[in-house]
Asks: 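Below are the structure tokens for one structure; questions will follow.
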Amino acid sequence: MRDEALGSLDREHVDRQVRLVGWVHRARDLGSLVFFDLRDRTGRVQVSFDPEWADEETLARARALGAEDVVRVEGTLAARPADAQREVGEFEVRATRLEVVSESEPPPIPVYRTPEEEAPAEERRLRYRYLDLRRPEIQQNFILRHRVGQSVRAFLSERGFLEIETPLLTKRTPEGARDYLVPSRVHPGEFYALPQSPQLYKQLLMVAGMDRYFQIARCLRDEDLRADRQPEFTQVDLEMSFAGTEDVLALFEGMVGQVWREVLDEELATPFPRMTHEEALRRFGTDKPDLRIDLEIVDLTDLLQEADFRVFQGTKGTTDRIRGMRIPGGAALSRREIDQLQEVAREGGALGVLWVKRTEEGFSGPFSRALTEGMDARFQEASGMEPGDLFVAVVGRFRDGQGEGPALEPALDLLRRHLGRAVPDLHRAGHGWLWVTDFPLLEWDPEAERWLASHHPFTMPHPDDRELVSAAAAGNDADVGRIRSLAYDAVYNGHEMASGSVRIHDSALQEEVFRVLGIGEEEAREKFGFLLESFRYGAPPHAGIALGFDRLVMLMAGAPSLRDVIAFPKTTAARALLERAPSEVPDAELDTLGLVRRRSRGDTDPPRH
RNA sequence: GGGGCUGUAGCUCAGUUGGUUAGAGUGCCGGACUGUCACUCCGGAGGUCGCGGGUUCGAGUCCCGUCAGCCCCGCCA
């Protein structure tokens with residue numbers, strides 16, 4: 001049908017006959033002259049009709065063209081004058097033939113937009129997704145996505161990883177996110193679950209001797225959505241035998257490094273910086289710090305609780321802390337901007353934020369009263385405050401303290417990110433990759449009133465904390481919260497991008513961890529008996545990681561939402577607007593599945609659109 | 001489950017203190033136009049003001065409910 005894709009046209013084709021196909025992007029009808037831009041995924045080229053080379057019938061057909069018609073043209077490729085190459089590029093086709101291959105009704109949402117025109121409402125874009133996806137800008141995202149995927153595949157294949165698919169119809173996940181359930185027709189009343197991740201299968205593949213596995217795997221979780229969360233998403237999932245933390249981290253850095261080199265043509269600095277979970281919380285207030293922001297938390301409790309200032313003195317004899325940040329250049333913030341910080345701090349669970357400015361005249365602001373003579377010099381030394389700086393502090397309970405109620409790390413995290421945006425020069429460009437290691441093995445779930453695995457129940461405890469595990473398994477849970485694990489996260493620009501761990505491959509240790517988790521023998525056998533059983537027959541030590549593929553592509557593409565890098569995404573309410581899912585099914589079908597429909601009260605009609 | 005924002009022509013939006021026939025740009029239809037590239041110019045059609053109820057002499061505008069989309073909290077081992 002065609003000689004070339006539009007993006008393949010080059011100087012070699014000038015003065016030659018070409019046959020091209022594509023969509024009518026935008027038409028300009030000048031009477032005897034007609035121009036339009038022909039578009040396909042690879043590019044755009046102007047097609048021109050002039051009585052000099054086109055007959056009247058062809059001209060008439062060109063005048064009748066509408067946006068998004070699919071057409072085939074034949075003509076001579078011509079170079080265009082350099083001063084006229086705006087928009088449509090270097091070449092034009094002087095068309096002698098024009099054939100409408102497939103006519104388009106006026107599209108409900110435009111594919112071509114002027115630079116100033118806002119994009120159609122997202123609802124419209126999703127309803128007519130096949131039109132939305134024709135937009136060259138969004139096609140770029142999918143080209144990028146493809147290239148990242150290919151780069152990852154090649155990298156892992158070259159290093160001996162086998163790509164192996166794992167089941168979509170599987171068993172319920174006992175903990176964690178809500179499962180999507182699929183009723184079994186053959187076994188009425190029983191359900192498959194769609195996998196939240198291939199976690200158990202990839203460990204079984206290690207026991208199966210596959211040595212190194214990867215999969216660009218779909219994962220499904222029935223949880224509420226966000227801009228960076230979809231119910232079905234894709235992970236680059238991998239697992240390696242006879243490997244520990246260092247092997248996984250080095251491999252991952254190599255993989256991301258190759259992606260950056262091949263797709264973005266940039267060299268990433270490796271190895272990535274590392275910090276422990278404890279350090280990340282202490283210095284940045286979060287387990288996924290954005291290292292591009294040049295702000296760091298300091299603890300000034302010992303100094304400031306000696307000041308003549310009631311809020312500070314109130315921390316004496318408690319485990320409450322006074323922590324804050326020096327904001328270089330922050331004194332330039334307006335009163336209104338500083339007032340806004342109260343809101344930010346409250347959002348993070350603090351009662352408010354105390355602040356002090358240092359100007360050439362000295363300290364000013366709410367806690368300057370605490371900085372009496374002597375104290376001011378010590379504060380300045382401890383904080384490093386220069387003229388023009390601002391210091392913000394919150395007072396209360398932090399994670400490392402005792403007592404009830406929310407901890408204040410999130411308040412400092414929010415303040416840090418807010419101020420990183422608000423104050424000029426605190427936010428560096430670049431790629432802030434980093435490893436966070438030694439996550440706690442368990443975290444307390446106040447609702448369930450028990451300890452839950454913070455990564456998953458098969459995570460290897462940190463070797464230095466083995467005794468704490470044994471103690472906790474024996475019933476002494478005083479230090480349960482302090483047990484660290486061999487779990488690690490890769491963080492990129494403040495986003496959690498990948499998460500993994502060294503796994504337990506020893507039945508005795510696994511049983512101990514289950515006991516700490518309050519999972520009985522019976523329960524463990526019922527829930528993951530098949531995995532535990534496999535460990536009895538020679539399980540290799542193994543470790544792995546999973547990378548959020550959509551999220552990585554989103555950030556690489558500079559897209560504001562996962563929806564811009566997933567071809568057919570769901571709405572915030574987990575609906576598919578194009579094909580209209582979920583939808584009701586006839587009672588007969590439910591009957592086959594052994595299901596009975598029960599409607600909520602007052603809900604008498606199927607959802608409309 | 002909770003909070004916030006949005007919903008007016010195919011699309012993007014304006015619409016004052018509640019007041020006559022709800023507007024603009026673009027797209028669409030018709031006409032003119034020999035180098036456009038956001039072509040230009042002339043004319044025309046096009047409205048369930050998301051939906052339901054209420055207040056009012058009168059509602060796009062005020063109130064209540066509801067649906068949908070988006071952002072956030074909870075949730076996401």
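Residue numbers begin at 1 in each chain, while the letters A, B, ... track the order of the sequences.
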Asks: Within the side chain of Asp506(A), is there an N or O that forms a donor-acceptor pair under 3.5 Å with the backbone of Leu509(A)?
Replies: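 Side chain of Asp506(A) to backbone of Leu509(A), a donor-acceptor pair under 3.5 Å: yes, one is there.
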Asks: Of all the choices, U34(B), G69(B), C13(B), which nucleotide is nearest to the side chain of Glu118(A) once you look at every atom?
Replies: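 Within the option list, the nearest is C13(B).
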Asks: Look at the side chain of Glu122(A) and decide which nucleotide, out of C70(B), G1(B), C76(B), has an atom nearest to it.
Replies: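 Of all the options, the side chain of Glu122(A) is nearest to C70(B).
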Asks: Tell me which nucleotide among U34(B), C72(B), G1(B) gets nearest to the side chain of Leu33(A).
Replies: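 Among U34(B), C72(B), G1(B), the one nearest the side chain of Leu33(A) is U34(B).
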Asks: Using atom CD1 of Ile109(A) as one end and atom C1' of C28(B) as the other, report the distance to the nearest whole Å.
Replies: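 My rounded result for the distance is 17 Å.
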Asks: May I have the distance from Leu225(A) (atom CG) to C73(B) (atom C1'), rounded to whole angstrom?
Replies: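 Atom CG in Leu225(A) sits about 14 Å away from atom C1' in C73(B).
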Asks: Classify the side chain of Arg28(A) versus the base of U40(B) as yes if they form a donor-acceptor pair under 3.5 Å and no if they do not.
Replies: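 No.
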Asks: Does Thr459(A) have a side-chain nitrogen or oxygen under 4.0 Å from the phosphate oxygens OP1 or OP2 of A77(B)?
Replies: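 Thr459(A) to A77(B) OP1/OP2: no side-chain N or O under 4.0 Å.
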Asks: Is there a donor and acceptor pair closer than 3.5 Å between the side chain of Glu92(A) and the base of G35(B)?
Replies: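 Pair found.
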Asks: Which nucleotide wins on minimum distance to the side chain of Arg575(A), given the candidates A68(B), C76(B), U12(B)?
Replies: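 Output: A68(B).
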Asks: Take Pro110(A) and Ser48(A), find for each the nucleotide of RNA chain B with the closest heavy atom, and name the residue whose nucleotide sits nearer the 5' end.
Replies: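 First, find each residue's nearest nucleotide; the 5'-ward one identifies Pro110(A).
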Asks: Under 4.0 Å between any heavy atoms, over every strand shown, what does Ala573(A) touch: base, sugar-phosphate, or nothing? Just pick one.
Replies: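 Sugar-phosphate only.
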Asks: Between C71(B), A77(B), C37(B), spot the one nearest the side chain of Arg563(A), thanks.
Replies: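 So the nucleotide nearest the side chain must be C71(B).
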Asks: Write down the distance separating the C1' atoms in G60(B) and A22(B), rounded off to the nearest Å.
Replies: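 To the nearest whole Å, 8 Å.
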Asks: The side chain of Glu116(A) lies closest to which of these nucleotides: C73(B), C33(B), A38(B)?
Replies: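 For the Glu116(A) side chain, the nearest candidate turns out to be A38(B).
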Asks: Return the orientation label for the Phe458(A) and His456(A) ring planes: parallel under 30°, perpendicular over 60°, tilted otherwise.
Replies: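 Aromatic pair Phe458(A)/His456(A) classed tilted.
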Asks: Considering only the P atoms, how many Å lie between U26(B) and C73(B), rounded to the nearest integer?
Replies: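 41 Å, rounded to whole Å.
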Asks: Which base sits across from C41(B) as a Watson-Crick or G-U pair, both distances under 3.5 Å?
Replies: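 Result: G31(B).
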Asks: Which whole-number value in Å describes the distance from Glu223(A) CD to A77(B) P?
Replies: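 Glu223(A) atom CD is separated from A77(B) atom P by 7 Å.
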Asks: Partner lookup for C5(B), please. Criteria are Watson-Crick or G-U wobble with both distances under 3.5 angstrom; report none if nothing qualifies.
Replies: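 Paired with C5(B), as far as the under-3.5 Å criterion goes, is G69(B).
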Asks: Roughly, in whole Å, what's the span from CG in Asp132(A) to C1' in U12(B)?
Replies: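 Atom-to-atom, Asp132(A) to U12(B), this comes out as 15 Å.
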Asks: Kindly say whether, by distance alone, the side chain of Arg80(A) makes a donor-acceptor pair under 3.5 Å with the base of C37(B)?
Replies: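 It does, because a donor-acceptor pair links the side chain of Arg80(A) to the base of C37(B) below 3.5 Å.
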Asks: Between atom CG in Leu65(A) and atom C1' in C29(B), what is the gap in whole Å?
Replies: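 Checked: the CG to C1' distance equals 16 Å.
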Asks: Please give the nucleotide sitting opposite G25(B) as a Watson-Crick or G-U wobble pair, both distances under 3.5 Å, or none.
Replies: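 WC or wobble partner is C11(B).
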Asks: Out of C11(B), G10(B), G74(B), which nucleotide sits closest to the side chain of Pro108(A)?
Replies: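 Among C11(B), G10(B), G74(B), the one nearest the side chain of Pro108(A) is G10(B).
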Asks: Rounded to the Å, how far apart are Arg417(A) CZ and C72(B) P?
Replies: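 For the pair Arg417(A) CZ and C72(B) P, the rounded distance is 11 Å.
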Asks: Do Arg229(A) and C75(B) have a side chain to base donor-acceptor pair shorter than 3.5 Å?
Replies: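 Present.
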Asks: Starting at the 5' end of RNA chain B and moving along, which residue's nearest nucleotide shows up first, Arg63(A) or Ala121(A)?
Replies: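 Nearer the 5' end of the strand: Ala121(A).
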Asks: Round to the nearest Å and state the distance from Arg124(A) atom CZ to U6(B) atom C1'.
Replies: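 Arg124(A) atom CZ is separated from U6(B) atom C1' by 15 Å.
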Asks: Determine the contact category for Asp222(A): base if any of its heavy atoms lies under 4.0 Å from a base atom, sugar-phosphate if only primed atoms, P, OP1 or OP2 are that close, otherwise nothing.
Replies: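 No contact.
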Asks: Using a distance-only criterion (donor-acceptor N/O pair, under 3.5 Å, no hydrogens), is the base of G69(B) paired with the side chain of Arg127(A)?
Replies: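 Answer no: no donor N or O sits under 3.5 Å from an acceptor.
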Asks: Would you indicate which nucleotide in C71(B), U34(B), G1(B) comes nearest to any side-chain atom of Asp50(A)?
Replies: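 Ranking C71(B), U34(B), G1(B) by closest atom to the Asp50(A) side chain puts U34(B) first.
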Asks: Does G69(B) have OP1 or OP2 sitting under 4.0 Å from an N or O in the side chain of Thr571(A)?
Replies: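 Answer yes for this pair, as a side-chain N or O of Thr571(A) is under 4.0 Å from OP1 or OP2.
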Asks: If we ignore hydrogens and angles and just use 3.5 Å, is the side chain of His495(A) paired with the main-chain N or O of Tyr492(A) as donor and acceptor?
Replies: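 Side chain of His495(A) to backbone of Tyr492(A), a donor-acceptor pair under 3.5 Å: no, none is there.
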Asks: Less than 3.5 Å between a donor and an acceptor, one on the side chain of Gln46(A) and one on the base of U36(B), is that the case here?
Replies: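 Answer is yes: a donor-acceptor pair is held.
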Asks: Students often mix this up, so state it plainly: with edges at 30° and 60°, are the rings of Trp435(A) and Tyr488(A) parallel, tilted or perpendicular?
Replies: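 Correct class here is perpendicular.
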Asks: Check whether any side-chain N or O of Asp69(A) sits under 3.5 Å from a backbone N or O of Val71(A) as a donor-acceptor pair, and report yes or no.
Replies: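 Such a contact is absent between Asp69(A) side chain and Val71(A) backbone.
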Asks: Quick check: Phe530(A) with Tyr201(A) (ring centres under 6.0 Å apart)?
Replies: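 So the answer is no for these two rings.
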Asks: Does any donor atom in the side chain of Arg94(A) or Thr96(A) lie under 3.5 Å from an acceptor atom in the other side chain?
Replies: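 Distance-only check fails for Arg94(A) and Thr96(A).
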Asks: Closer than 4.0 Å, any side-chain N/O of Arg113(A) to the OP1 or OP2 of A38(B)?
Replies: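 No, outside the criterion.
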Asks: Please determine if a side-chain N or O atom of Thr114(A) lies less than 4.0 Å away from the OP1 or OP2 oxygen of A38(B).
Replies: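 So the side-chain polar atoms of Thr114(A) never come under 4.0 Å of the phosphate oxygens OP1 or OP2 of A38(B).
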Asks: Output yes when a side-chain donor or acceptor of Ser454(A) lies under 3.5 Å from a complementary backbone atom of Leu441(A), and no otherwise.
Replies: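 Indeed, once roles are kept as given, a pair shorter than 3.5 Å links the two residues.
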Asks: How many whole angstroms separate atom CZ of Arg226(A) from atom P of C71(B)?
Replies: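 Atom-to-atom, Arg226(A) to C71(B), this comes out as 10 Å.
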